[in-house]
Number of protein chains: 2
Amino acid sequence: MDVKTVCLGILTDGAASGYDLKKHFESTFGHFFAAGYGSIYPALSSLADEGLVTCEHVPQEGKPDRKVYAITDSGKAFLLEALKDPAPGHKVRSDFLATMCFAHLMPAEQIETVLKSRLEDVDNWLKLIAKAESCCFDEWPPGMKFVAGFGRAMSLAMKQYVEENGHMLTDSGQQKAAHG
Amino acid sequence: MDVKTVCLGILTDGAASGYDLKKHFESTFGHFFAAGYGSIYPALSSLADEGLVTCEHVPQEGKPDRKVYAITDSGKAFLLEALKDPAPGHKVRSDFLATMCFAHLMPAEQIETVLKSRLEDVDNWLKLIAKAESCCFDEWPPGMKFVAGFGRAMSLAMKQYVEENGHMLTDSGQQKAAHG
DNA sequence: GAGGCATACTATCAGTCCGATATATAAAAG
DNA sequence: CTTTTATATATCGGACTGATAGTATGCCTC
């Protein structure tokens, strides 16, 4: 499942520009599938080349043309085929956990800063999910509701774990010993 | 935090070959920071070029030389500098959730296959974490214990959410309607 | 009314990473 | 006797990330 395929999926909900797609990624997909302009624009060009989407140029005053992309029948067929993967992956890439593995090499103060920033980050995700739900929940297909709930459940679990176990990293160790 | 930096961190625990590092990534780091040979070997070459690690060639009969890498003082300094990032990220890239967003385009049977495979995957992670703990828990620094517990907490939360909410995706919808 | 910032819209590029693949040997399993 | 598993190395194309860049409008503040 690459960015191209996800763009195609979003387009099943209506035509959109690259800019629109980016906002969609930020608001709804951000917590589990990030994509920036550097992925989206090449993806759309490539989809258009392959005939999976059409591109309509909408001139605007003073701004660059809006390029509005719409999915085609062969695009829909391609998407349904891509959705047949029986075991789609779920990967985590955590600089946070990689850093914490080496907590014994860090001063306690630095560790606390990192834990705090993680909790702030989680709160931002929770707010983002709540915001997305408050605006569109009733219109969402069941899948989007499932995914939003998933994001909330994982965020809450992370928050709870960090709050209850963060002390492991700063209690009793070289850090405290060096202190007293 | 790139693969290079994590390799450097692992080498603080003793000299190792690229092959050893790969096993380390699989057993302990796998659930939050995956890396394959395609990342590890170039990382080690580059670290050696920069003088952050040394490389000792150990000849072996019938097999290619073992190249054993050890961290240098400037390597340690580089690592401590890298660990100063106050807000290291934690990213999820989930083909699973991306697929579920479009569950309304999929037959119920396919959805159930996907959910089942996710639960199996979670169980594998749990087993992997338990195995790593059973062998090394007492020797681990606090950071590794924290990280293993984190992995378990998140895996259990995911399992629970999928088990309790998976029905949302197959109950009441085009799928059931088309059925009856 | 000048400066700064947000919003709207496009796009590219270097660096990095991922997955598959290739090569070679040997022991263990079937 | 053939396949699998383990030990070890390494490369390559394609994909993705994060930063950067350009251009125009409008809003707020000093």
Side-chain angles (χ1 to χ4, degrees), chain A residues 1-8 15-27 29-30 32-50 53 55-69 82 85 87-95 98, chain B residues 1-8 15-27 29-30 32-50 53 55-69 82 85 87-95 98:
Chain A
M1 176 92 60
D2 51 16
V3 174
K4 274 167 67 176
T5 309
V6 178
C7 287
L8 212 45
S17 67
Y19 187 77
D20 294 334
L21 288 178
K22 177 78 196 312
K23 283 199 295 183
H24 217 290
F25 272 106
E26 278 168 0
S27 64
F29 284 66
F32 65 90
F33 205 106
Y37 291 127
S39 312
I40 294 170
Y41 283 115
L44 288 171
S45 297
S46 158
L47 287 169
D49 287 349
E50 296 166 35
V53 301
C55 174
E56 192 195 353
H57 289 251
V58 181
Q60 296 186 124
E61 285 177 31
K63 296 173 192 169
D65 284 10
R66 259 190 117 223
K67 291 190 185 174
V68 178
Y69 295 87
D85 178 358
H90 178 92
K91 288 178 200 159
V92 174
R93 167 73 174 238
S94 180
D95 292 4
Chain B
M1 176 92 61
D2 50 16
V3 174
K4 274 168 67 177
T5 310
V6 178
C7 289
L8 214 44
S17 67
Y19 185 78
D20 294 334
L21 289 178
K22 177 78 196 312
K23 282 200 296 185
H24 216 290
F25 272 106
E26 278 168 0
S27 65
F29 283 67
F32 64 90
F33 205 106
Y37 292 127
S39 311
I40 293 170
Y41 284 115
L44 289 171
S45 298
S46 159
L47 287 169
D49 287 347
E50 295 166 36
V53 300
C55 175
E56 191 195 354
H57 290 251
V58 181
Q60 296 188 122
E61 284 176 34
K63 296 172 193 174
D65 284 8
R66 256 190 121 224
K67 291 189 185 175
V68 178
Y69 294 87
D85 178 356
H90 179 92
K91 288 177 203 161
V92 174
R93 166 74 173 237
S94 180
D95 292 4

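Chain naming here is simple, since letters A, B, ... match the order of the sequence lines and numbering starts at 1 in each. In this text the structure is predicted, and so the values were computed from the model without any measurement.
Look at OH on B/Tyr19: it is 16 Å from P on C/dA26, rounded to the nearest Å. Look at CZ on A/Arg66: it is 17 Å from C1' on D/dT23, rounded to the nearest Å. Across the protein-nucleic acid pair, B/Lys4 atom NZ and C/dG15 atom C1' stand 11 Å apart, rounded to whole Å. Per the geometry, CG belonging to A/Asp20 stands 7 Å off P belonging to C/dC9, to the nearest Å. Rounding to whole angstrom units, NZ of residue B/Lys22 and C1' of D/dA6 are separated by 13 Å. Nucleotide D/dA8 holds its C1' atom 16 Å from the CD atom of B/Glu56, rounded to whole Å. Taking atom CG on B/Leu44 and atom P on D/dT11, their separation rounds to 12 Å, with Å as the unit. Between the C1' atom of C/dA11 and the OH atom of A/Tyr69 lies a distance of 11 Å, rounded to the nearest Å.
A heavy-atom distance below 4.5 Å is not found between the side chains of A/Tyr69 and A/Leu47.
Counting only distance, with no hydrogens or angles, the side chain of A/Asp20 and the backbone of A/Ser17 share a donor-acceptor pair below 3.5 Å. Checking side-chain atoms of B/Ser27 against main-chain N and O of B/Lys23 turns up a donor-acceptor pair under 3.5 Å.
Two end axes, each from the C1' atoms of five base pairs, can be drawn for the helix from C/dG1-D/dC30 to C/dG30-D/dC1; they diverge by 40°, to 10 degrees.
Not counting sequence neighbours, A/Glu56 has no partner by the salt bridge (Lys or Arg N to Asp or Glu O under 4.0 Å) test. Residues satisfying the ring-ring contact (aromatic ring centres under 6.0 Å, His included) test with A/Phe32, not counting sequence neighbours, are A/Phe29. Shown here are the side-chain contact (heavy atoms from CB on, under 4.5 Å) partners of B/Pro88, two or more places apart in sequence or in another chain: A/Asp95, A/Phe96, A/Thr99, A/Val114, B/Asp85. B/Lys67 pairs by the salt bridge (Lys or Arg N to Asp or Glu O under 4.0 Å) definition with nothing, not counting sequence neighbours.
At D/dT9, one or more side-chain N or O atoms of B/Tyr41 fall inside 4.0 Å of OP1 or OP2 (strictly under the cut-off). Residue B/Arg93 places at least one side-chain N or O closer than 4.0 Å to OP1 or OP2 of D/dT17.
With no hydrogens or angles considered, no side-chain donor-acceptor pair links A/Ser46 and A/Asp49 at under 3.5 Å.
Put simply, CG on B/Asp2 and CZ on B/Phe33 are 7.0 Å apart, with the number rounded to the nearest 0.5 Å.
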Restricting both atoms to N or O, compile the protein contacts to nucleotides 19-22 of chain C shorter than 3.5 Å, with distance only.
{"unit_1": "C/dG19", "atom_1": "OP1", "unit_2": "A/Lys91", "atom_2": "NZ", "d": "2.5"}

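In terms of position on DNA chain D, the residue among A/Met1 and B/Lys67 whose nearest nucleotide sits closer to the 5' end is B/Lys67.
Of all nucleotides listed (C/dA11, D/dA6, C/dC17), C/dC17 comes nearest to the side chain of B/Asp2.
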